Trainee: 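Mind looking over this structure? Questions follow.
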Amino acid sequence: MKFPLASYESLTAAELSREKVTAIEHYLYREARLLDEDRWDDWLALFSDDGMYWAPLVAGQADPRNHVSLFWENSLLREVRVKRITNPRNWSQQPRSRCARVVGNVMVDGRDPDTGDLVVTSRFQFAEWRKGSEHRSLAGSCRHHLIQDGDTLRIRLKRVDLINSEAVHDLLQVFI
């Protein structure tokens, strides 16, 4: 897969109906709900076969391959993490984290001129709580590169930019 690195300036306009924009917003809300409800198989199915999940370490980081990232996961690594989270012998998830995500400010930015991906940016608030540990709150923006796969959308890239990405974080086990 050619990694989508299009800058916002290089995106081409995407003329979408109000109904299509609403469908995209609902798609992002549904993604958050699947994660909140631990519906892992349904969430994993949202990604294209070559889909990547990325959380850069440094603000403005343009490349996940030549820089350290908090996450840079293909389908295999996402599946491994789900198995780790759900494993009953995973002591750090006993009891399991409870999470809540709020997604807002969804904007269709345009199309990547190289891949044709629809690029959508949103903002999020994320809260995580686990008995015996501190409540954690994270915030930032997400940039989804979406592709049409038949009648549904698939995620080719989900980039999560935390506002405090460079801070020292306790173990980040769950998906943001």
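This is a predicted model, so every value here is computed, not measured.
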Trainee: Just by modelled atom types, is the Glu31 backbone N or O under 3.5 Å from a matching donor or acceptor in the Arg39 side chain?
Mentor: no
Trainee: How long is the gap from CG on Asn105 to OG on Ser141, to the nearest 0.5 Å?
Mentor: 10.5 Å
Trainee: Should the ring pair Trp43 and Phe47 be called parallel, tilted or perpendicular, given that the plane angle runs from 0 to 90° and is split at 30 and 60?
Mentor: perpendicular
Trainee: Quick one, Tyr27 with Val106, criterion side chain to side chain contact (heavy atoms under 4.5 Å, CB included). Give me CA distance, side-chain angles, the key distance, then yes/no.
Mentor: CA-CA 11 Å; Tyr27 184 84; Val106 178; over 6 Å; no
Trainee: Out of curiosity, Ser48 OG to Leu153 CG, how far, rounded to the nearest 0.5 Å?
Mentor: 11.5 Å
Trainee: Taking the six-membered ring of Phe175 (Phe, Tyr or Trp), confirm whether the NZ or CZ of Arg81 is under 6.0 Å from its centre and within 45° of its axis.
Mentor: yes
Trainee: Return the minimal non-hydrogen interatomic distance between Pro113 and Leu11, and the atom names on each side.
Mentor: CD-CA, 4.2 Å
Trainee: Is there a donor-acceptor pair closer than 3.5 Å between any side-chain N or O of Asn74 and the backbone N or O of Leu77?
Mentor: yes
Trainee: To the nearest 0.5 Å, tell me how far Thr152 OG1 sits from Leu46 CG.
Mentor: 7.5 Å
Trainee: Distance from Arg123 atom CZ to Ile163 atom CD1, nearest 0.5 Å?
Mentor: 11.0 Å
Trainee: Arg111 side chain to Gly116 main-chain N or O, any donor-acceptor pair under 3.5 Å?
Mentor: yes
Trainee: Holding to ring-ring contact (aromatic ring centres under 6.0 Å, His included), I want the full list of residues that pass it with Phe71, two or more places apart in sequence or in another chain.
Mentor: Tyr53
Trainee: Work out which heavy atom in Ser137 is nearest to a heavy atom in His135; give both atom names and the distance.
Mentor: CB-CE1, 3.9 Å
Trainee: Using the side chain to side chain contact (heavy atoms under 4.5 Å, CB included) criterion, which residues pair with Ser165? Sequence neighbours excluded.
Mentor: Leu70, Leu162
Trainee: Mind listing the closest non-hydrogen atom pair of Arg154 and Asp149 along with its distance?
Mentor: NE-OD2, 3.2 Å
Trainee: Using side-chain heavy atoms (C-beta onward) and a distance below 4.5 Å, is Leu57 in contact with His67?
Mentor: no
Trainee: Ignoring hydrogens and geometry, is there a side-chain-to-backbone donor-acceptor pair from Arg78 to Glu73 under 3.5 Å?
Mentor: yes
Trainee: Do Arg143 and Val119 come close enough that some side-chain heavy atom pair is under 4.5 Å?
Mentor: yes
Trainee: Of all heavy-atom pairs between Gly60 and Arg159, which one has the smallest distance, and what is that distance?
Mentor: C-NH2, 4.1 Å
Trainee: When you compare the side chain of Asp161 with that of Pro56, does any pair of heavy atoms fall below 4.5 Å?
Mentor: yes
Trainee: Could you tell me which non-hydrogen atom of Asp63 sits nearest to which non-hydrogen atom of Arg65, and how far apart they are?
Mentor: OD1-N, 2.8 Å
Trainee: Evaluate the criterion side chain to side chain contact (heavy atoms under 4.5 Å, CB included) for residue pair Asp117 and Leu157; output intermediate values, then yes/no.
Mentor: CA-CA 9 Å; Asp117 297 354; Leu157 171 68; over 6 Å; no
Trainee: Using modelled atom types only, decide if a donor and an acceptor are shared between the side chain of Asp112 and the backbone of Thr115 within a distance under 3.5 Å.
Mentor: yes
Trainee: So, Glu166 side chain and Ala59 main chain: donor-acceptor pair closer than 3.5 Å or not?
Mentor: yes
Trainee: Out of curiosity, Ser122 OG to Arg101 CZ, how far, rounded to the nearest 0.5 Å?
Mentor: 12.5 Å
Trainee: Kindly compute the distance separating CD1 (Ile155) from CG (Asp50), expressed to the nearest 0.5 Å.
Mentor: 12.0 Å
